[in-house]
Amino acid sequence: MFAVSLISWYKKNYRKLPWRNTNEPYIIWVSEIILQQTRVDQGLPYFKNFIERFPSLASLAKSTEEEVLNQWQGLGYYSRARNMHYTAKYIFTHLDGVFPNEYNELIKLKGIGDYTASAIASFSFNEPKAVIDGNVYRVLSRVFGILNDINSKEGKNRIKNLADSLLPKNEHTTYNQAIMEFGALICTPKAPKCETCVVTDICYAKEKGKQLSLPLKIKKVNTKTRYFNFLIFQLNDFIVVEKRTDKDIWQHLYQFPLIETSKEIEDPLALKKLNGDIINLKKVKHLLTHQVIMASFWHISIQTLPEKKSYLKIPLSDLHKYPVPKIVENYAKEYLTIN
DNA sequence: AATGCGGGGCC
DNA sequence: GGCCCAGCATT
């Protein structure tokens with residue numbers, strides 16, 4: 001029995017993680033959002049800091065988006081933080097601060113899709129909904145031999161039907177945790193630990209030697225290269241930052257004034273018709289999932305800080321108050337340390 | 001159905 | 001250098 005085996009394995013082998021000690025929906029929600037497309041090891045310190053800074057839905061709702069993004073800085077996929085802040089305010093204001101307690105209501109909230117709604121429903125409200133995340137796709141496609149592309153409608157439907165049929169109605173909470181933990185620790189993407197697997201005797205992939213070719217994912221990656229020139233205008237202890245507002249990466253985060261070009265440039269000052277002294281130039285290659293950012297940081301000593309509606313003149317010592325992309329954080333830490 | 005959205009760890 | 005991670009929103 002598939003579910004029984006996984007539950008039994010889980011009870012002996014699960015990791016003790018802070019969100020497993022509670023069924024409080026706010027805590028479960030925060031943990032699930034943080035763990036979207038994010039490994040436990042990477043998300044764990046963010047979870048602890050986030051809960052310490054925003055211990056309740058009310059505290060999150062009463063904060064500013066900037067404060068929330070500041071906590072999120074460095075974790076990536078910042079729409080998660082923006083949507084959480086939006087949803088916290090929505091629940092606080094329009095739902096009397098009470099978290100929706102069933103899948104059909106949870107799914108309506110911004111930032112909550114099928115996986116997260118199922119997880120909160122199962123973990124917080126004892127509603128038997130099967131969670132389907134990357135682990136589940138991998139485990140089920142291997143064990144039960146789902147050969148369809150899991151990005152296709154057919155593949156998703158088969159996994160969905162299979163997941164629903166396997167869900168034990170009474171122990172769904174433990175089972176949901178178990179299958180994901182099993183995928184994370186045993187049925188891993190590379191080098192799965194088949195020698196310690198508890199369902200190896202019924203596993204299609206093991207029998208056929210197809211562990212590494214399942215799940216089948218057909219996708220094309222077109223990575224594009226972009227050239228960012230960050231201009232760090234400095235006058236005494238003041239610098240200039242601006243907020244990113246476009247529908248682009250790092251939305252609502254701050255940065256140094258940016259000139260994006262189609263290729264590397266020699267002299268941004270000439271381009272901007274500005275007079276100043278370049279006192280540092282640092283080039284950094286920053287890798288995102290589908291973009292390569294070739295960044296140049298031009299540190300410019302200038303007599304008059306440039307004026308523009310979107311420019312904020314701030315003391316260098318205040319820079320840490322603004323949420324910034326990792327690449328900006330890295331530069332600031334190395335070259336703009338005050339003290 | 002396809003695309004955009006971060007950053008990091010692993011091979 | 002590619003792949004993937006407790007996905008979701010938008011087009």
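Quick caveat, the model's predicted, so the values are computed rather than measured. The figures here come from the full heavy-atom set of this structure, side chains too, leaving out hydrogens, waters and symmetry mates. A, B, ... follow the sequence lines: proteins, then strands. Residue 1 opens every chain.
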Among [options], which is the nearest nucleotide to the side chain of [X]?
X: A/Lys153; options: C/dA6, B/dA1, B/dG7; result: B/dA1
X: A/His286; options: C/dC8, B/dC5, B/dG7; result: B/dG7
X: A/Arg39; options: B/dG8, B/dC5, C/dA6; result: B/dG8
X: A/Thr116; options: B/dA1, C/dA6, C/dC8; result: C/dC8
X: A/Tyr78; options: B/dG6, B/dA1, C/dC4; result: B/dG6

How close or far is atom [atom2] of [N] from atom [atom1] of [X], stated in whole angstroms?
X: A/Asn151; N: C/dC3; atom1: CG; atom2: P; answer: 13 Å
X: A/Gln73; N: B/dC5; atom1: CD; atom2: P; answer: 19 Å
X: A/Leu35; N: B/dG8; atom1: CG; atom2: C1'; answer: 14 Å
X: A/Asn83; N: C/dG7; atom1: CG; atom2: C1'; answer: 11 Å
X: A/Arg244; N: B/dG6; atom1: CZ; atom2: P; answer: 9 Å
X: A/Glu329; N: B/dG7; atom1: CD; atom2: P; answer: 9 Å
X: A/Tyr10; N: C/dA6; atom1: OH; atom2: C1'; answer: 12 Å
X: A/Gln251; N: B/dG6; atom1: CD; atom2: P; answer: 9 Å

Please confirm whether the ring centroid of A/Phe144 lies under 6.0 Å from the ring centroid of A/Phe2. yes
Are OP1 or OP2 of [N] and a side-chain N or O of [X] less than 4.0 angstrom apart?
X: A/Thr38; N: B/dG7; answer: no
X: A/Gln291; N: B/dC5; answer: yes
X: A/Gln37; N: C/dG7; answer: yes
X: A/Lys190; N: B/dG9; answer: no
X: A/Trp250; N: B/dG7; answer: yes

Ranking A/Ala117 and A/Lys247 by the position along DNA chain C of their nearest nucleotide, the one closer to 5' is A/Ala117
Whichever of A/Gly134 and A/Pro189 has its nearest DNA chain C nucleotide further upstream toward 5': A/Pro189
Rounded to whole angstrom, note down the [atom1] distance from [N] over to [M].
N: C/dT11; M: B/dG6; atom1: P; value: 16 Å
N: C/dC5; M: B/dC5; atom1: C1'; value: 14 Å
N: C/dA6; M: B/dC11; atom1: P; value: 15 Å

When we call it a touch if two heavy atoms are under 4.0 Å apart, what does [X] touch: a base, just sugar-phosphate, or nothing?
X: A/Leu253; answer: nothing
X: A/Leu75; answer: base
X: A/Trp19; answer: base
X: A/Gly74; answer: sugar-phosphate
X: A/Asp41; answer: nothing

Between A/Ser152 and A/Arg82, name the one whose nearest nucleotide on DNA chain B is closer to the 5' end. A/Ser152
Want to settle it: does A/Glu154 or A/Gln36 sit nearer the 5' end of DNA chain B, counting the closest nucleotide to each? A/Glu154
Within 45° cone and under 6.0 Å: A/Lys263 NZ/CZ vs A/Tyr227 ring: no
Under 6.0 Å from the six-membered ring centre of A/Tyr14 and within 45° of its axis: does the NZ or CZ of A/Lys16 meet both? yes
Measure distances between side-chain N and O atoms of A/Arg80 and base N and O atoms of C/dA6, and say whether any donor-acceptor pair falls under 3.5 Å. no
Once hydrogens and angles are ignored, does a donor-acceptor distance under 3.5 Å link the base of B/dG8 to the side chain of A/Gln42? no
Looking only at the side chains, is there a donor atom on one of A/Tyr115 and A/Gln36 sitting less than 3.5 Å from an acceptor on the other? no
Classify the side-chain pair A/Asn126/A/His172 by whether it contains a donor and acceptor separated by less than 3.5 Å. yes
Less than 4.5 Å apart, side chain to side chain, heavy atoms only: is that true for A/Gln211 and A/Cys194? yes
Working for side-chain contact (heavy atoms from CB on, under 4.5 Å), residues A/Trp29 and A/Thr87: CA-CA 11 Å; A/Trp29 176 50; A/Thr87 292; 3.8 Å; yes
